[in-house]
Amino acid sequence: MESIIFIAPPAAGKGTQSKMLCDAYHIPHISTGDLLREASLVEDARGIYIKNQISSGALVSDEIILELLKERLKQSDCNNGYILDGFPRNIEQAQAYEGILEELNKKLGIVIYLEVDKKLASKRIEGRMSCPNCGSVYNTIIEEAKPKQDGICDRCGQTLIKRGDDNSETFGIRYDTYLEKTNPLIKYYEDKKVLYRVSSANNKNETFQEISSILKRSNEL
Ligand code: AMP
């Protein structure tokens, strides 16, 4: 199975689509944001640094992210493809990732660019609730994205939380960081002919269907 990389601004629906794909295709969902949130719980200098970067909306150093990701990709559940959500975030990470792939004898796969405009992304951030246990994402102001029971994760029953960086001020910084650092990856992957554009303005099932058909076609090639 081809691995999938998601490139998208914050709150475009990467996490939601990743979970849906991971359920449908039984491949792991690797969110670098989740890896970092977990690493930030360790109370040492690195943990504190990661926590500060996340809460200010800035990127964590490439060195840390590459180390965490490489360890994760070595695990055997990544042998038949995986979904990368939140990585790479800049050209340097994309280049370093190619070295990791070579070392681990893995292929690049396909890149999905989830398009969403800033206004809609900002609205999604306002109501977004996340599960600290399984990473599922909900939204209290979008009818189809509400949890079945208020404040409780449908998937694992954990109490949902509002992420500390899901506020309008940090969103603005994260969005600007995305434009400056991550957006250039669209051309980078377009040039490699692995990029597919998908609008995330529709409902999540339509977006999922579109991604599934891209995946089906690319796995048949
Ligand atoms: P996310 O869960 O993808 O929205 O990421 C939350 C935060 O984690 C980001 O705002 C960054 O501070 C950090 N982060 C996640 N992925 C990366 C990455 N690939 N490189 C650097 N920082 C990252």
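We count ligands from 1, going down the list as the structure has it; atoms in each ligand are counted the same way. These figures come from a predicted structure and were not determined experimentally.
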Which of the atoms in ligand 1, numbered in the order shown and given with their element, are less than 4.0 Å from a heavy-atom of Thr32? 15 (C), 16 (N), 17 (C), 19 (N)
Do any nitrogen or oxygen atoms of Val60 come within less than 3.5 Å of a nitrogen or oxygen of ligand 1? yes
Using a 3.5 Å cut-off and no angle test, enumerate the donor-acceptor pairs between side-chain atoms of residues 99-112 and protein atoms at least two apart in sequence or in another chain.
| residue | atom | partner | partner atom | Å |
| --- | --- | --- | --- | --- |
| Glu103 | OE1 | Lys70 | NZ | 3.4 |
| Glu103 | OE2 | Lys70 | NZ | 2.8 |
| Lys106 | NZ | Cys78 | O | 3.2 |

Is there a nitrogen or oxygen of Arg89 sitting under 3.5 Å from a nitrogen or oxygen of ligand 1? yes
What is the closest protein heavy atom to atom 19 (N) of ligand 1, and at what distance does it sit? Gly86 O, 2.9 Å
What part of Ile65 sits under 4.0 Å from ligand 1 if we count only heavy atoms: the side chain, the backbone, both or neither? side chain
same_hphob_cluster(Tyr175, Val116) at 4.5 Å side-chain heavy-atom cutoff: no
For Phe87 and Tyr97, I'd like to know if the aromatic rings sit close, meaning centre-to-centre distance below 6.0 Å. yes
Decide whether an N or O pair under 3.5 Å exists between Asp34 and ligand 1. no
What I want to check is whether the side chains of Arg124 and Thr16 have a donor and an acceptor closer together than 3.5 Å. no
Heteroatom proximity flag, Pro88 to ligand 1, N/O under 3.5 Å: no
If you compare all heavy atoms of Thr207 against all heavy atoms of Ser200, which two are closest, and at what distance to 0.1 Å? OG1-CA, 4.1 Å
Could you walk me through whether Tyr138 and Arg128 pass side-chain contact (heavy atoms from CB on, under 4.5 Å), step by step? CA-CA 6 Å; Tyr138 300 87; Arg128 182 153 87 167; over 6 Å; no
With nothing but distance in play, are any N or O atoms of Phe87 less than 3.5 Å from an N or O of ligand 1? no
What are the atoms of ligand 1, with element, lying closer than 4.0 Å to any heavy atom of Arg37? 2 (O), 6 (C)
Should the proximity of Leu36 to ligand 1, defined as any heavy atom under 4.0 Å, be assigned to the side chain, the backbone, both, or neither? side chain
Enumerate donor-acceptor pairs with a distance under 3.5 Å from any side-chain N or O in residues 22-37 to protein atoms, sequence neighbours excluded.
| residue | atom | partner | partner atom | Å |
| --- | --- | --- | --- | --- |
| Asp23 | OD1 | Arg155 | NH1 | 3.3 |
| Asp23 | OD2 | Arg155 | NH2 | 2.9 |
| Tyr25 | OH | Ser212 | OG | 3.2 |
| His29 | ND1 | Lys19 | NZ | 3.4 |
| His29 | NE2 | Asp85 | OD2 | 2.8 |
| Ser31 | OG | Gly33 | N | 3.4 |
| Ser31 | OG | Asp34 | N | 2.9 |
| Thr32 | OG1 | Gly86 | O | 2.9 |
| Asp34 | OD1 | Arg37 | NH2 | 2.9 |

May I ask you to list the atoms of ligand 1 that are less than 4.0 angstrom from any heavy atom of Ala58? 11 (C), 12 (O)
Within 45° cone and under 6.0 Å: Lys181 NZ/CZ vs Tyr178 ring: no
Answer yes or no: is there an ion pair linking Lys74 with Glu71, defined by an N-O contact shorter than 4.0 Å? yes
Atoms of ligand 1, numbered as shown, that sit under 4.0 Å from any heavy atom of Arg163: 1 (P), 2 (O), 4 (O), 6 (C)
For atom 20 (N) of ligand 1, what's the nearest protein heavy-atom neighbour? Residue, atom name and distance, please. Gln93 NE2, 2.9 Å
